[in-house]
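These notes are about the structure you will find just below.
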Amino acid sequence: MALAAEESDTTTSNRPKPPPPPPPHNPPHQTPSPSVSLITLLTVSLSSLTNPQDPKAWFLSLPAALRQHYSAGRTIKVQTAPNHPPLEVFSIQDGPTDSNTVLIVHGLGCSSYTFRQIVKSLGHKGIRTVAIDLPGSGFSDKSTVVVEENLNGGVSGRVWEICSDIKEKGLFWGFDQLVEKGYVDFEANEDRVSKRESVRAIELGPEEVGRVLAQVVDSLGLAPVDLVLHDSALGLVANWVSENLGLVRSVTLLDTASSATALPLWVLEVPVIREVVLGFEFVFSRVVGKWCWKSIGGSDVEAHRVLLKGRDGREAVVGMGRKLNGSFDLGEWSSLDGVKGLPMQVMWSSVWSEEWNEEGRRVADALPQARFVTHSGGRWPQGDTTELAENIYQFVSSLPKSIRQAKEEPIPEHIQKLLDEVESSDHHNDHHGHGGHHHADGHAHAHAGYMDAYGLGHGWAG
């Protein structure tokens, strides 16, 4: 036994020892290259420049001049299609309501804010003047809720269908199906169509813009209007003009390029460039100084930048730019029946560039019936707009007087109810001999309270 034990020990001691376990493998620490770090930092920084704010926070962050501009206007509800949700269109106006009306439609990249001084100047001259923000611009709606319908199919479609059924019928419905049948019966919903809501920037083409313009003219009782079309507005509105000649008294084209914009839309579309342009005031100032305005700097630059930057403004302007009619022919349009007899005026910047002067001569040749005048400003109105306002005033004042298609604006139901209660109370006092009196101008002071997109209350400025 002792021998066996000794042999066992000897055998054990003669066995080779197993190799020690390898040390744990720790991969070497990899330091990202400076270029990767710089790109990541730049991407995060630029994206933070355009992070969306909630509407109220965005509004409160606006420059004082923009908030004052908003308080001086009102919104109008319009629809671009029968089954689409209504949109709110912002407008400002000045001047007596019993005169002929000038309606200003801005080009892409601008808004009614660009024309606020012209509106004020013409109003002081006794011309009712209205300027609107096209949907997607200024203070008008820039996005809308879109409902998408999808026919469920495949694994993802079945999963979405199951989740939708459980959400609709409750969790215990699935358990009941399992207990009763041993499975959940989805066969009846094999071709089920799911609906999803998403928020998208508004992108209107000429047809939709025409519908918007028709509803603005109708709801404000503006017809017949003296249209002022700026920059790319002609390409968006020309078809509506030719189809609604009874609503238009004259047309003034202000530095109008039918299928192009003064502000090149690629600076708002190309990634990184768009973030830099809208993220830094001094960069945006250089951009508009090169293509839109004679001088740069000042509060106007910042106002235009924040309006483009906020609430999907950039996306909407770029989307509408894609829908401009690139094949629009000004000469062909002006020769249409009715259009060729329409009084027209062309106002053109004579100090912008020689190329722009040549474009003005081509426009004048295409519109031989138009009155052609020049001005000393840039392609966007800026600063002192007295010269532009005077040219518009002289033109519309030279036209024969027309009969306005007046339409009384309906009083909102809740305001009418209050007026009825006051009237009923006055009748009651008269009946009991308390000498009650009526206010003959009660309806004139009952301005409508309009829905404010920013939750802050809105209506006409006093």
Are any side-chain N or O atoms of Ser242 and backbone N or O atoms of Asn239, one a donor and one an acceptor, separated by less than 3.5 Å?
-> yes

In terms of side-chain geometry, is the basic nitrogen of Glu315 or Lys309 positioned less than 4.0 Å from the acidic oxygen of its partner?
-> no

Using modelled atom types only, decide if a donor and an acceptor are shared between the side chain of Thr256 and the backbone of Leu229 within a distance under 3.5 Å.
-> yes

Does Ser349 offer a backbone N or O that forms a donor-acceptor pair with the side chain of His375 under 3.5 Å?
-> yes

Under the 3.5 angstrom rule, does the side chain of Arg379 hit a backbone N or O of Trp352 as a donor-acceptor pair?
-> no

Under 3.5 Å, side chain of Ser334 to main-chain N/O of Lys340, donor-acceptor pair present?
-> no

Do Asp231 side-chain atoms and Ala262 backbone N/O form a donor-acceptor pair below 3.5 Å?
-> yes

How many angstroms lie between atom CZ of Arg200 and atom CG of Asp312, to the nearest 0.5 angstrom?
-> 12.0 Å

Below 4.5 Å, heavy atoms only, C-beta onward: do Val130 and Thr101 meet side chain to side chain?
-> yes

Please name the residue in the list Gln382, His304, His230 that meets the side-chain hydrogen bond (donor to acceptor under 3.5 Å, both in side chains) test with Thr114.
-> His304

Can you list the steps and then say if Leu247 with Val225 is a side chain to side chain contact (heavy atoms under 4.5 Å, CB included)?
-> CA-CA 6 Å; Leu247 303 179; Val225 295; 5.7 Å; no

Gln345 and Ser250: side chain to side chain contact (heavy atoms under 4.5 Å, CB included), yes or no, with the steps?
-> CA-CA 8 Å; Gln345 175 181 231; Ser250 69; over 6 Å; no

Check step by step if side-chain hydrogen bond (donor to acceptor under 3.5 Å, both in side chains) holds for Arg211 and Gln79.
-> CA-CA 8 Å; Arg211 294 194 191 109; Gln79 278 190 298; over 6 Å; no

Which distance, rounded to the nearest 0.5 Å, do you find between the OG1 of Thr75 and the CZ of Phe90?
-> 8.5 Å

Could you walk me through whether Thr80 and Glu208 pass side-chain hydrogen bond (donor to acceptor under 3.5 Å, both in side chains), step by step?
-> CA-CA 5 Å; Thr80 57; Glu208 294 89 353; over 6 Å; no

Could you check whether the rings of Trp348 and Trp356 sit parallel, tilted or perpendicular, using 30° and 60° as the cut-offs?
-> parallel

Test side chain to side chain contact (heavy atoms under 4.5 Å, CB included) applied to Leu263 and Trp380, step by step | CA-CA 9 Å; Leu263 179 66; Trp380 283 8; 3.8 Å; yes

Option among Arg274, Arg314, Arg322 that satisfies the salt bridge (charged side-chain N to carboxylate O under 4.0 Å, His left out) test with Glu269 = Arg322

Count the heavy atoms belonging to other residues, nucleotides or ligands that lie under 6.0 Å from NZ of Lys120, then report whether that count exceeds 12.
-> no

Can you check whether Ile127's main-chain N or O pairs, donor with acceptor, with Thr129's side chain at less than 3.5 Å?
-> yes

Pair Arg116-Asp300, salt bridge (Lys or Arg N to Asp or Glu O under 4.0 Å): steps then yes or no = CA-CA 11 Å; Arg116 67 196 185 283; Asp300 280 359; 3.0 Å; yes

Is the side chain of Asn244 donor-acceptor paired with the backbone N or O of Trp240 at a distance under 3.5 Å, no angle test?
-> yes

Run the side chain to side chain contact (heavy atoms under 4.5 Å, CB included) check on Arg311 and Asp141 step by step: do they pass?
-> CA-CA 9 Å; Arg311 299 175 57 241; Asp141 282 344; 4.2 Å; yes

Pair His124 + Tyr393: ring centers closer than 6.0 Å | no

Arg249/Asp226 salt bridge by N-O under 4.0 Å criterion = yes

Could you go step by step and tell me if Asp329 and Ser327 meet the side-chain hydrogen bond (donor to acceptor under 3.5 Å, both in side chains) rule?
-> CA-CA 6 Å; Asp329 188 298; Ser327 61; over 6 Å; no

Test: Glu390 and Lys125 ion pair at under 4.0 Å | yes

Compare every heavy atom of Gly136 with every heavy atom of Val317, then report the nearest pair and how far apart it is.
-> CG2-O, 4.1 Å

Is the distance between the ring centroids of Tyr113 and His106 less than 6.0 Å?
-> no

